[in-house]
Amino acid sequence: MSIPSNFGFGEEEQTLRDAARKFLAEQLPTDRLHRLVAGHQAGSPRWDPALWEQMAALGWTGVGVPERCGGVGMPFVAAVALAEEAGRAALPSPLIGTLQSSALLAACGNAEADAVLTQIASGKAVAPGITGPRGGWRGQDCALEVQGGCLSGTAHWVQDAAKADVFLLKARGSAGTGLYAVQADAPGLSLQPDAIVDLSRDQARLSLASVPAVELAAPGTADSVIAAAEPALFTLVSADLCGAAEWLLQTTVEYARVRQQFDRQIGFFQAVKHPLVDVMIAIDSARSHLYNAASAVDHDPAVSLRAAHMAKSAAAEAARFGASRAVQFHGGIGFTWECYVQVYFKRQLHNEALYGDAAWHRARLAEMLLGPVGA
Amino acid sequence: MSIPSNFGFGEEEQTLRDAARKFLAEQLPTDRLHRLVAGHQAGSPRWDPALWEQMAALGWTGVGVPERCGGVGMPFVAAVALAEEAGRAALPSPLIGTLQSSALLAACGNAEADAVLTQIASGKAVAPGITGPRGGWRGQDCALEVQGGCLSGTAHWVQDAAKADVFLLKARGSAGTGLYAVQADAPGLSLQPDAIVDLSRDQARLSLASVPAVELAAPGTADSVIAAAEPALFTLVSADLCGAAEWLLQTTVEYARVRQQFDRQIGFFQAVKHPLVDVMIAIDSARSHLYNAASAVDHDPAVSLRAAHMAKSAAAEAARFGASRAVQFHGGIGFTWECYVQVYFKRQLHNEALYGDAAWHRARLAEMLLGPVGA
Amino acid sequence: MSDSARKDSPEQSAFREHCRSWIAANLPPPSPVRLPQSALEIMTREQLDYLCAWQKAAYDAGLVGCDYPVDCGGGGRTDCQRVANEEMQRSAAPYFPNIIGLGMAAPTVFYHGSDALKRQVLPALLSGEEIWCQGFSEPGAGSDLASVQTFAERRGDRWVINGHKVWTSLAHFASWMILLARTDKSSKYDGLSYFVVPIRAALGKGVTVRPLIKMTGETGFNEVIFEDLEIDDALRLDEVGKGWTVAMTTLAHERGAGILVTPQSGGSRRGDGDAGLVSALVELARQSWRNGQCAADDPVIRDRLAQLLVREEGFRLNLKRARVAGLTDHPMRLMLQYKLLMSEVAQEAGRLGMDIAGNAGSLYVSDPAAPQAGRWPLAYMNSFGFTIAAGTSEVQRNILGERVLGLAKTK
Amino acid sequence: MSDSARKDSPEQSAFREHCRSWIAANLPPPSPVRLPQSALEIMTREQLDYLCAWQKAAYDAGLVGCDYPVDCGGGGRTDCQRVANEEMQRSAAPYFPNIIGLGMAAPTVFYHGSDALKRQVLPALLSGEEIWCQGFSEPGAGSDLASVQTFAERRGDRWVINGHKVWTSLAHFASWMILLARTDKSSKYDGLSYFVVPIRAALGKGVTVRPLIKMTGETGFNEVIFEDLEIDDALRLDEVGKGWTVAMTTLAHERGAGILVTPQSGGSRRGDGDAGLVSALVELARQSWRNGQCAADDPVIRDRLAQLLVREEGFRLNLKRARVAGLTDHPMRLMLQYKLLMSEVAQEAGRLGMDIAGNAGSLYVSDPAAPQAGRWPLAYMNSFGFTIAAGTSEVQRNILGERVLGLAKTK
């Protein structure tokens with residue numbers, strides 16, 4: 001198998017992407033986004049469930065769900081294109097988690113997983129909760145236990161937990177860790193929201209006391225399921241970062257063309273111009289890696305993990321650099337709550353660390369190149 | 001003990017430093033240096049032994065040698081000031097190695113070492129050869145053996161070997177490694193010069209076949225002697241780097257004030273101006289660390305290793321950055337053999353790696369901060 | 001005898017003894033409310049009251065304004081502020097709240113104000129009884145400060161002020177503002193004049209102060225709007241049209257390159273200052289897990305911590321070296337780097353703190369599980385205040401390239 | 001079927017078959033002499049002869065200049081050069097020596113030269129029988145190319161040329177030069193005209209070529225001095241005063257942003273090209289010891305190798321993405337990055353190679369113990385040729401900021 005020369009991004013994918021971009025530009029222009037997430041109404045939900053229903057109706061949730069489960073059955077590169085648009089819009093929604101869940105469920109490959117995929121295709125939001133208290137998603141870093149088909153303990157760092165209908169949780173049994181589906185409204189399950197910097201998402205710790213669960217992967221098999229889904233997990237976060245980084249670049253370039261100091265547009269000054277060029281270069285490399293990784297998931301799984309490590313490390317660096325220059329070059333106004341830049345800036349702080357920051361992914365690449373230290 | 005507020009750099013040290021700067025500017029202006037090392041006369045020695053004799057006569061070799069051995073007995077900060085001037089002049093000479101040797105000999109602290117110190121005070125050049133084939137200077141990384149008071153094997157990476165009168169060599173005996181003095185003209189010793197990039201020094205591998213040696217540190221004690229001298233070894237190389245980096249900065253600034261493109265001095269452009277400012281900042285941090293480390297050797301040995309690690313890592317980064325910007329901003333001419341910049345550029349390539357590059361010194365600092373990995 | 005004491009003059013030596021014994025006996029109790037990272041972020045009256053009480057006590061003991069003349073409320077001493085600062089920074093004392101007054105307004109008034117004005121405003125400034133703020137930046141005048149449009153129109157011996165200042169830290173507590181205003185629209189640099197304005201007295205009567213919210217969610221700075229505010233000509237500093245020259249005195253002191261030593265307390269030994277950055281991060285790394293691995297074992301984190309250590313200590317050693325004539329080449333070379341280095345070290349430290357903490361890095365101040373009380377995301381965001389305000393890092397590099405290296409002026 | 005073949009037109013498909021079978025049967029033997037890292041560093045006649053023989057053979061087989069018209073010596077095909085390049089780069093073939101001719105002179109002559117001139121010069125250019133060089137830079141005209149002072153004075157239908165060109169790669173082997181010269185001193189950009197000059201025929205008769213020695217100790221580029229050289233007006237490209245426009249065509253192709261595809265051979269599979277950088281460095285790291293530790297175990301080296309991998313592969317993937325309309329925003333955005341990225345990746349690779357090798361890193365090409373034959377210090381030094389020549393990295397960033405991002409022009 002090999003990656004096609006257009007990364008598998010054909011006419012259908014382009015149509016979907018363009019429609020998504022237009023939809024989000026119309027439905028969630030940045031001023032509306034800012035009011036929604038930074039408007040400071042006490043107790044406001046900071047996202048728009050009605051918009052989510054529209055997105056579900058457009059088939060976004062099930063874009064990668066096989067047709068046998070009622071989904072659209074498009075290649076993974078289409079899901080990545082949607083995630084990139086979500087990043088460009090700093091969209092508060094459970095979309096990324098739901099697309100990640102589709103990848104995990106596809107890796108389970110059984111009737112129970114197909115049932116959840118069918119829920120996704122019908123518009124349900126599913127959030128993965130596979131990261132342990134120490135930030136790892138493989139091995140024994142896990143604070144949930146399974147006994148008699150019920151889960152007890154805590155799940156950490158669950159993204160967009162308050163928006164989810166179903167959770168995919170890793171839990172430890174006597175034979176190792178397995179993967180389970182739990183309904184968000186199941187008795188015995190409660191959410192402790194984390195107070196995070198990012199305004200455009202929510203994060204929570206889940207407490208479970210004997211909550212009934214559906215087994216998706218038997219004890220001892222969670223790691224292999226997660227390993228199979230890792231390239232997709234990483235690539236979807238990379239897409240969010242790439243879309244956001246491009247928004248940050250374009251918004252800052254626009255400001256640098258308008259803002260005058262010393263009787264010149266500030267973009268005249270190489271101290272502004274050259275870093276913005278470097279941001280563009282970083283984004284372009286990240287985007288090229290992004291489509292390559294997405295296409296590898298579709299067409300060449302053997303190289304997809306390596307491609308995804310490259311994509312996440314490039315995207316995290318591009319977004320980090322782009323976000324910091326966006327605030328700096330907006331000057332005093334960029335440092336205020338009212339400036340839209342802050343919403344994107346904070347979302348990237350969160351995205352960067354999610355499923356491993358740039359340095360962690362590079363450490364994995366170094367192992368692929370050189371073997372482990374001391375080898 | 002604590003480091004004085006003027007780093008122990010008083011009037012005498014300043015007088016010595018200023019005299020050295022003047023002497024080298026007069027005796028080895030850059031055009032003469034370039035002819036000397038880059039003039040391409042076949043078989044030319046690429047250094048000026050007569051100049052070295054003058055320097056010895058001025059007391060530079062014995063600046064830190066105790067008065068009981070005929071030296072000047074100044075504090076280490078004076079030796080560092082001389083090394084910085086040597087770096088500023090890209091001086092081809094065995095001075096740095098001889099000053100390093102003084103530190104090693106002082107750490108030996110016995111009559112045999114004092115005898116070599118007396119030779120130094122009288123103007124002899126001494127080169128350390130303690131680095132093993134794998135680039136380490138502690139432990140078992142050593143290809144020389146001692147037997148019956150004679151050394152056999154090879155010594156690697158000996159700096160300015162062709163200029164030295166005496167070598168200080170590490171050799172392995174049955175009880176561990178010891179330190180030995182060997183005369184450069186001893187029978188059984190031969191030099192294989194390395195072809196190195198740097199034009200302003202020489203480097204060689206020494207082959208020894210039963211060469212008579214004077215024991216300076218008994219087998220099993222070389223590591224502790226070297227450990228005691230490490231802060232001085234690192235700091236002297238840092239001084240060379242700092243002096244050179246300042247020359248590179250000033251030379252490039254001068255060019256940026258003169259060279260016109262687009263009807264402006266190129267220093268007008270922030271793409272030139274700001275990196276030069278960053279070079280200056282890097283140099284200033286490195287110089288502050290340098291004097292602190294030098295003064296720590298004199299006044300607070302307990303913190304001197306940490307200070308020296310900081311000094312070498314800061315100096316290596318400053319010189320690396322300064323040298324690369326010097327070539328880049330000199331443009332086409334900076335890339336030619338005839339441009340003086342190349343001599344300094346190449347010397348820094350060599351200095352950076354000598355006794356550990358910046359990353360290696362930072363790894364040691366990280367161990368001081370955090371303990372070893374896995375601690 | 002401490003190293004800094006070694007070269008004291010007899011006056012300094014006696015004064016140092018006084019400072020030490022007074023501080024030992026009069027260190028304030030810990031703050032009953034959580035204090036922000038610097039005086040510029042004071043948000044509540046409780047925070048202010050606690051800090052003002054400390055400044056007043058230190059002033060009354062002669063530790064603030066030691067080198068100002070007695071008739072300006074000072075101590076009339078010679079080069080003793082440095083001594084007081086050393087002793088206060090050695091202690092666990094808090095910082096002073098009147099940071100803009102002490103650091104910028106006082107030296108500016110001292111060098112450019114009339115004798116009457118100095119006697120009028122400096123005593124309550126030094127004691128902290130009257131807080132000061134700075135009215136320089138405007139929506140259209142940031143890096144290009146000389147383009148300020150706030151206009152002061154002369155009417156006899158009065159001036160009528162209209163305009164809009166922004167990023168005015170402490171304005172919500174301030175009695176006075178140092179104001180750079182345009183008095184002539186036909187000339188950019190020569191059309192500026194400099195005033196001190198009693199804004200608190202004029203609240204609601206020509207002056208409106210509105211808080212601006214920072215990206216951190218904190219307030220701390222403000223916009224200040226002038227509508228036909230009248231002030232007396234006696235509040236002008238230096239001549240009409242010399243405002244830019246006066247502002248340069250202010251900015252030189254702000255950048256740490258001024259002649260007068262700013263009274264400073266708190267800092268290096270308190271754990272909140274720069275000296276605490278690396279040790280706090282080391283502590284954090286030992287406690288933090290990233291991707292299932294202890295952050296202290298992560299090689300890239302280790303390298304960045306060592307880099308930060310080298311930068312931070314280099315910065316501190318620069319300040320020491322700047323006072324050794326034989327080891328500096330250009331009189332301003334080190335001091336003009338101060339603000340740039342401080343702000344960029346703070347930015348890297350904040351960023352590194354978030355990276356060390358991994359998933360927990362973006363837990364914010366209101367989350368009880370946030371590592372080190374959410375200090376690092378807060379510090380990272382606030383660091384952009386430092387790299388933007390008071391001359392952006394880009395402007396600082398211009399200044400260094402032009403004034404120290406002698407390169408052609410960019411603008 | 002290979003991926004690149006998937007979308008071939010019928011003509012391309014048949015041509016691809018031809019290329020494959022011809023290459024398989026006609027790959028030249030390994031060079032009897034060591035070849036430099038690129039054609040710009042050809043130093044000896046032996047190197048040149050070997051490479052010219054390959055270019056001539058490939059030309060005779062129709063693999064060079066496929067898309068040029070038949071009467072210009074081309075193959076008269078449509079979009080087939082890309083196919084030939086893909087097949088040649090897949091093979092172990094060497095590169096072409098006439099790199100300036102193929103990449104810059106040919107498209108410039110094709111778009112701006114008279115039909116007679118095209119027929120005169122292009123066949124021997126494409127076959128490699130006549131080597132070309134580029135006469136743009138001068139001692140006073142580097143980044144500011146439009147300030148060239150070499151003057152061409154009109155005398156009837158002849159021009160008399162006087163001036164001094166520098167950094168002229170391949171001039172010591174070249175038959176022809178593309179020359180940017182001033183024809184009017186009263187106008188900067190509109191005072192330039194563009195010529196092709198038969199320099200080899202004029203050696204000693206108005207043209208002097210002198211080698212310049214690079215910091216590496218290698219020659220490879222030259223200075224070329226014109227003293228009253230007369231050439232015919234028929235050798236002019238486009239109109240008098242349009243030289244800057246013509247030069248833009250040359251530079252667009254040099255930067256990889258031109259319309260015509262440059263014939264290219266060698267590269268990715270040979271181990272000397274970019275693709276080989278990371279794997280060569282990995283190999284080096286496994287063999288190298290730094291401070292007593294294997295370089296492959298050094299965490300900072302590991303991180304930098306991974307960074308280089310990401311940059312290098314990102315660069316390569318950019319080239320692929322640039323051809324997918326739906327995944328690019330601005331037509332020039334990716335292609336205009338080409339030169340900047342290539343040169344900076346090469347610089348970091350050279351530097352990293354030296355760092356990996358530790359003490360052995362500065363052993364140079366003539367030392368038999370130098371790791372990988374001293375490749376890395378040589379590559380590091382030569383990389384400054386890339387970041388300086390053909391528009392410095394600083395100029396490249398201006399171009400990207402202005403043409404792609406639409407920011408105000410700096411100069």
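As the structure is a computational prediction, the values presented were derived from the model and not from experiment. Naming: A, B, ... by sequence-line order, numbering from 1 per chain.
A side chain to side chain contact (heavy atoms under 4.5 Å, CB included) with B:Y291 holds for exactly one of C:V324, C:L317, C:L327; it is C:L327.
Of the atoms belonging to B:E254, not a single heavy atom falls under 4.5 Å from chain C. If you measure heavy-atom distances from C:L405 to chain B, the contacts under 4.5 Å come from both the backbone and the side chain. Contact annotation for B:I266: neither backbone nor side-chain heavy atoms come within less than 4.5 Å of a heavy atom of chain C. The contact between C:A285 and chain B is made entirely by side chain atoms (from C-beta outward), counting heavy-atom distances below 4.5 Å. There is no contact between C:I301 and chain B, counting heavy-atom distances below 4.5 Å. For B:N292, the part lying near chain C is the side chain, with the backbone staying farther off; criterion is any non-hydrogen pair under 4.5 Å. Both the backbone and the side chain of C:R302 come within contact range of chain B, judged by heavy atoms closer than 4.5 Å. Contact of C:D329 with chain B is made through the side chain alone, with heavy-atom distances under 4.5 Å. Contacts of B:E246 with chain C are made by side-chain atoms alone, with heavy-atom separations under 4.5 Å and no backbone atom involved. Interface remark: C:Q337 contributes side-chain atoms only to the contact with chain B (heavy atom separation under 4.5 Å).
B:S288 contributes atom OG, which lies 10.0 Å from atom NZ of C:K320 (distance to the nearest 0.5 angstrom). Here CG of B:L370 is found 5.5 Å from CG of C:L305. Values are rounded to the nearest 0.5 Å. Taken to the nearest 0.5 Å, the CG atom of C:L407 stands 12.0 Å off from the CZ atom of B:F268. Within the model, atoms CZ of C:R333 and CD1 of B:I281 stand 10.0 Å from one another, a figure rounded to the nearest 0.5 Å. The distance from atom CZ of C:R321 to atom OG of B:S285, rounded to the nearest 0.5 Å, is 9.0 Å.
In terms of heavy-atom pairs under 4.5 angstrom with chain B, the leader among C:A408, C:A306, C:A296, C:P299 is C:A408. Contact count against chain C (heavy-atom pairs under 4.5 Å) is highest for B:H289 among B:H289, B:Q265, B:R257. Heavy-atom pairs under 4.5 Å with chain C peak, among B:L365, B:D278, B:D284, at B:D284. Interface remark: of the candidates B:Q14, B:R287, B:Q270, B:R287 forms the most heavy-atom pairs closer than 4.5 Å to chain C. In terms of non-hydrogen atom pairs under 4.5 Å with chain B, the most contact-rich of C:L400, C:L341, C:V310 is C:V310.
In this structure, the side chains of C:E313 and B:R306 come closer than 4.5 Å at one or more pairs of heavy atoms. Put simply, the side chain of B:R362 reaches to within 4.5 Å of the side chain of C:Q307, judged on heavy atoms.
Remark: B:Q260 CD is packed, more than 12 non-hydrogen atoms of other residues, nucleotides or ligands lying under 6.0 Å away.
Of all non-hydrogen atoms in C:V404 and B:M280, the two that sit nearest each other are CG1-SD, 3.7 Å.
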